[in-house]
Amino acid sequence: MIVGIDLGTTNSLIAVWEDGAARLIPNSLGEVLTPSCVSVDEDGSILVGRAARERLQTHPQHSAANFKRLMGSDKTLFLGKRAFRPEELSALVLRSLKEDAEAALGRPVEEAVITVPAYFSDAQRKATRAAGQLAGLKVERLLNEPTAAALAYGIHLREGESKFLVFDLGGGTFDVSVLDLFDGVMEVRASAGDNHLGGEDFVTVLVERFFETSKAPAALRHDAAFMQRLVAQAELAKRALSDSPRAEIIAGDGRQDYRMELDEAALEKACALLLARLRSPVERALRDASLPLAELDNIVLAGGATRMPIVRRMAARMFGRFPSCEINPDEVVALGAAVQAGLKMRDAALDEVVMTDVAPYSLGVSTTVRIGGDHFSHGHFDPIIERNTVVPVSRVKRYFPIRDDQQIIELVVYQGEARMASDNIKLGQLEVRLPSGVEDRGVDVRFTYDVNGLLQVEATVVSTKEVHSLVIEGNPGLLSEQEIAQRFVALSELKIHPRDRIENRTLLARAERLYQHLRGMPREQLGREITGFETALESQDQRVIVPAAKSFRDVVDYFDHQSFLLPDA
């Protein structure tokens with residue numbers, strides 16, 4: 001069984017191709033969206049999903065979110081005293097999704113298609129694959145998110161030729177892909193994007209505006225619990241403006257409440273720079289695809305942030321038409337991943353389709369350029385694989401030493417589009433020793449880029465045929481196979497909160513969050529109710545726990561909707 005997984009910045013989903021259709025699999029709470037959050041509970045066990053998201057406000061030092069943005073880096077996040085790499089936190093989310101699927105399907109899940117932003121780098125893709133391995137999954141394919149969205153819309157099933165653009169704005173990343181369908185082949189013509197632009201950035205703008213307009217003291221920026229509450233309120237206000245013309249952000253520090261009113265016009269003005277940044281990748285993708293805007297047959301929206309009216313209006317103005325959004329943008333990528341899983345399993349309900357993708361970045365090496373006589377200019381970027389080259393691809397270039405007595409050629413590999421290598425992203429380097437006393441002192445450098453977006457580099461000394469493979473050493477963003485094996489064992493030994501009790505733990509986390517925002521008699525009442533429910537849980541008697549949970553949920557719902565509740569809950 002191969003499942004499709006959308007490992008998102010804000011939420012993650014898992015889906016399966018079954019009975020001729022893609023189907024989302026709900027988690028233990030009956031929800032298809034699992035927040036990409038991890039928290040360490042009081043007893044040291046690991047919470048994933050909504051319970052962890054609730055604890056972001058009450059226990060910010062023990063919880064983490066948005067770690068997808070750190071994939072491929074050497075960042076370490078501390079949850080209490082325990083340290084995690086971003087791919088380890090992602091692995092815990094993937095493991096939770098895997099367990100949900102196994103519970104729903106009644107059989108082991110060992111293989112997966114995992115989606116990644118089209119603009120993810122080589123290191124970020126390798127980190128995503130490592131996260132899958134750490135979760136106990138064989139990653140069959142890393143599928144670009146815009147391509148997954150196209151599959152979900154069934155664009156691969158249409159007859160005749162069709163050209164379309166996928167506009168994918170998620171929680172943390174923005175991708176644009178131009179695709180062309182003809183004769184059973186779905187070809188990505190061009191991709192562009194921004195790995196640091198997503199719905200979370202719109203929330204950050206609202207947080208900054210809140211401090212500018214509400215007179216909240218700047219010192220509150222260093223109050224982790226206050227900031228988590230404020231971020232949660234900004235997120236709620238952003239979502240509220242999708243359905244109503246006005247919203248209000250109210251956050252308190254226990255002594256005073258601070259307010260900011262918001263409407264769509266104010267949101268659009270505050271986020272003008274972010275909206276402007278959405279244009280550049282669209283223009284680059286169309287330019288690289290050599291495709292006029294008028295020749296596009298359709299524009300497809302994907303990613304939860306495209307729910308925002310200001311984003312949809314901007315897209316409509318840019319494209320001169322209303323984009324397609326029939327499928328829930330939060331779910332479209334996961335559904336497309338399930339279609340790809342069905343194709344991998346060669347399901348009879350799916351016609352075979354050939355899919356081609358492209359390299360989102362140019363990949364090359366740093367070179368030295370002779371500028372006359374014995375004068376040289378160092379550090380120029382020489383692409384070996386140009387961006388938006390169809391993959392899989394293998395390209396080779398021959399390089400020579402700049403001096404006759406040179407014993408070593410140092411190959412430094414970069415990705416990016418800047419003229420100077422130092423302005424691009426360094427991927428790794430290797431030294432190639434040159435033989436003496438030979439005529440041809442050249443070195444053939446071959447780059448091979450596969451459908452998963454992973455790069456292999458080989459350098460062959462022409463005269464001796466000696467081959468050197470690039471090992472990314474000293475790159476803190478990558479784990480070796482040995483480190484993955486070691487960390488797999490360490491993660492396996494973690495105490496994961498039992499799936500069958502996660503609903504009760506989520507309910508308690510929600511109540512604890514509400515308790516922090518109440519005052520006076522309501523706070524005392526809820527405190528007594530929390531203690532009573534904890535006592536019921538300690539009995540370990542389902543005959544006591546089940547009715548207590550139902551009663552406690554009604555109480556929490558009551559407090560959540562009463563007018564005396566502070567609005568920043």
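Not measured: the values here are computed from a predicted model.
- For residues 323-333, the set of pairs meeting the salt bridge (Lys or Arg N to Asp or Glu O under 4.0 Å) definition, not counting sequence neighbours, comprises R307-D330.
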For this session: May I have the step-by-step check of salt bridge (charged side-chain N to carboxylate O under 4.0 Å, His left out) for E161 and K163, ending in yes or no?
Result: CA-CA 7 Å; E161 186 171 359; K163 296 179 178 64; 2.8 Å; yes
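- Distance check, rounded to the nearest 0.5 Å: CG of L169 to CG of L197 gives 6.0 Å.
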Exercise. Would T34 and L13 count as a side-chain contact (heavy atoms from CB on, under 4.5 Å) if you check the C-alpha gap in whole Å, the side-chain angles of each, and the deciding distance to 0.1 Å?
Worked result: CA-CA 6 Å; T34 295; L13 306 87; over 6 Å; no
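- Salt-bridge formation is detected for the pair K138/E140: a Lys NZ or Arg NE/NH1/NH2 atom is positioned less than 4.0 Å from an Asp or Glu carboxylate oxygen.
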For this session: Run the numbers on R125 and N144 for side-chain hydrogen bond (donor to acceptor under 3.5 Å, both in side chains), then give the verdict.
Result: CA-CA 10 Å; R125 290 170 188 268; N144 285 345; 3.0 Å; yes
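- Put simply, the side chain of M260 does not reach to within 4.5 Å of the side chain of E248, judged on heavy atoms.
- A donor atom on one side chain and an acceptor atom on the other are found under 3.5 Å apart for T368 and H378.
- F174 pairs by the ring-ring contact (aromatic ring centres under 6.0 Å, His included) definition with F167, not counting sequence neighbours.
- In this structure, OH on Y414 lies 15.0 Å from OG on S362, to the nearest 0.5 angstrom.
- T460 places no side-chain N or O within donor-acceptor distance of the main-chain N or O of V462, the cut-off being under 3.5 Å.
- Using a 4.0 Å cut-off between a side-chain N of Lys or Arg and a carboxylate O of Asp or Glu, K238 and E235 qualify as a salt bridge.
- Side-chain contact between I25 and V16 is present, with heavy atoms from C-beta onward closer than 4.5 Å.
- The side-chain heavy atoms of T128 and E87, taken from C-beta on, include no pair separated by under 4.5 Å.
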Exercise. Run the side-chain contact (heavy atoms from CB on, under 4.5 Å) check on V166 and V176 step by step: do they pass?
Worked result: CA-CA 6 Å; V166 179; V176 180; over 6 Å; no
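- A donor-acceptor contact closer than 3.5 angstrom links the side chains of Q124 and N195.
- Taking CG from L301 and CD1 from I327, the interatomic distance works out to 11.5 Å, rounded to the nearest 0.5 Å.
- Checking side-chain atoms of R419 against main-chain N and O of F381 turns up no donor-acceptor pair under 3.5 Å.
- Side-chain N or O atoms of D297 include none that pairs as donor or acceptor with a backbone N or O of F164 at under 3.5 Å.
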Exercise. What's the verdict on side-chain contact (heavy atoms from CB on, under 4.5 Å) for R321 and I299, showing C-alpha distance, side-chain angles and the deciding distance?
Worked result: CA-CA 9 Å; R321 72 187 91 169; I299 293 98; 3.5 Å; yes
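- For the pair Y399 (side chain) and V365 (backbone), a donor-acceptor distance under 3.5 Å is absent.
- E102 and K98 are joined by a salt bridge, as a carboxylate oxygen and a charged side-chain nitrogen come within less than 4.0 angstrom of each other.
- The side-chain contact (heavy atoms from CB on, under 4.5 Å) with L143 is formed by just one residue from the set V116, I5, L151; it is L151.
- Between atom CG of residue L335 and atom CD of residue Q340 there is a gap of 14.0 Å, rounded to the nearest 0.5 Å.
- Between D444 and R398, at least one side-chain N (NZ, or NE/NH1/NH2) sits under 4.0 Å from a carboxylate O, which counts as a salt bridge.
- R446 and S394 are linked by a side-chain donor-acceptor pair at a separation below 3.5 angstrom, with hydrogens and angles left out of the test.
- In this structure Q415 satisfies the side-chain contact (heavy atoms from CB on, under 4.5 Å) test together with S121, D122, Y361, L363, I425, L427, sequence neighbours excluded.
- Residues passing the salt bridge (charged side-chain N to carboxylate O under 4.0 Å, His left out) test with R189 are D180, sequence neighbours excluded.
- In summary, of the residues considered (I2, V113, L343), a side-chain contact (heavy atoms from CB on, under 4.5 Å) with R141 occurs for V113 alone.
- Sorted by first and then second residue, the pairs that involve residues 168-179 and meet side-chain hydrogen bond (donor to acceptor under 3.5 Å, both in side chains), not counting sequence neighbours, are S177-S191.
- With sequence neighbours excluded, the residues forming a side-chain contact (heavy atoms from CB on, under 4.5 Å) with R107 are M1, E18, L105, listed by chain and number.
- Counting only distance, with no hydrogens or angles, the side chain of E208 and the backbone of V205 share no donor-acceptor pair below 3.5 Å.
- N298 places none of its side-chain heavy atoms less than 4.5 Å from the side chain of Y153.
- Qualifying salt bridge (charged side-chain N to carboxylate O under 4.0 Å, His left out) partners for E31, counting only residues two or more places apart in sequence or in other chains: R50.
- Distance alone, capped at 3.5 Å, places no donor-acceptor pair between the S244 side chain and the L241 backbone.
- Remark: the backbone N or O of P383 is paired with a side-chain donor or acceptor of K397 at under 3.5 angstrom.
- Within the 4.5 Å cutoff, the side chain of L70 has heavy atoms near those of the L77 side chain.
- Side-chain contact between Q456 and F447: absent, with no pair of heavy atoms (C-beta onward) separated by less than 4.5 Å.
- For the pair P292 and E295, the minimum side-chain heavy-atom distance is below 4.5 Å.
- Counting only residues at least two apart or on different chains, the salt bridge (Lys or Arg N to Asp or Glu O under 4.0 Å) pairs with a member in residues 197-206 are R69-D201.
- Although no hydrogens or angles enter the test, the distance criterion places no donor-acceptor pair under 3.5 Å between the side chain of R129 and the main chain of L142.
- Using a distance-only test at 3.5 Å, with no hydrogens or angles considered, a donor-acceptor pair links the side chain of N27 to the main chain of L29.
- Note: T204 OG1 to R209 CZ = 15.0 Å, rounded to the nearest 0.5 Å.
- The structure places CG of L97 at 9.5 Å from CD1 of I114, a figure rounded to the nearest 0.5 Å.
- In this structure, the side-chain contact (heavy atoms from CB on, under 4.5 Å) partners of A130, at least two apart in sequence or on a different chain, are I484.
- Within the structure, the ring-ring contact (aromatic ring centres under 6.0 Å, His included) test picks out no pair touching residues 265-302 (sequence neighbours left out).
- At distances below 3.5 Å, at least one donor-acceptor pair connects side-chain atoms of S12 with backbone N or O atoms of G8.
- With a 4.5 Å cut-off on side-chain heavy atoms, V369 and F376 do not count as touching.
- The side-chain contact (heavy atoms from CB on, under 4.5 Å) test applied to R395 returns I384, I385, T389, V393, not counting sequence neighbours.
- Contact check on E99 versus R95 returns no salt bridge, with no Lys/Arg side-chain nitrogen under 4.0 Å from an Asp/Glu carboxylate oxygen.
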Show every donor-acceptor pair shorter than 3.5 Å between a side-chain atom in residues 262-269 and any protein atom, with sequence neighbours excluded, or say none if there are none.
unit_1 : atom_1 : unit_2 : atom_2 : d
D263   : OD1    : A265   : N      : 3.3
D263   : OD1    : A266   : N      : 2.7
E264   : OE1    : R313   : NH1    : 2.7
E264   : OE1    : R313   : NH2    : 3.1
E268   : OE1    : R313   : NH2    : 3.3
E268   : OE2    : R317   : NH2    : 3.3

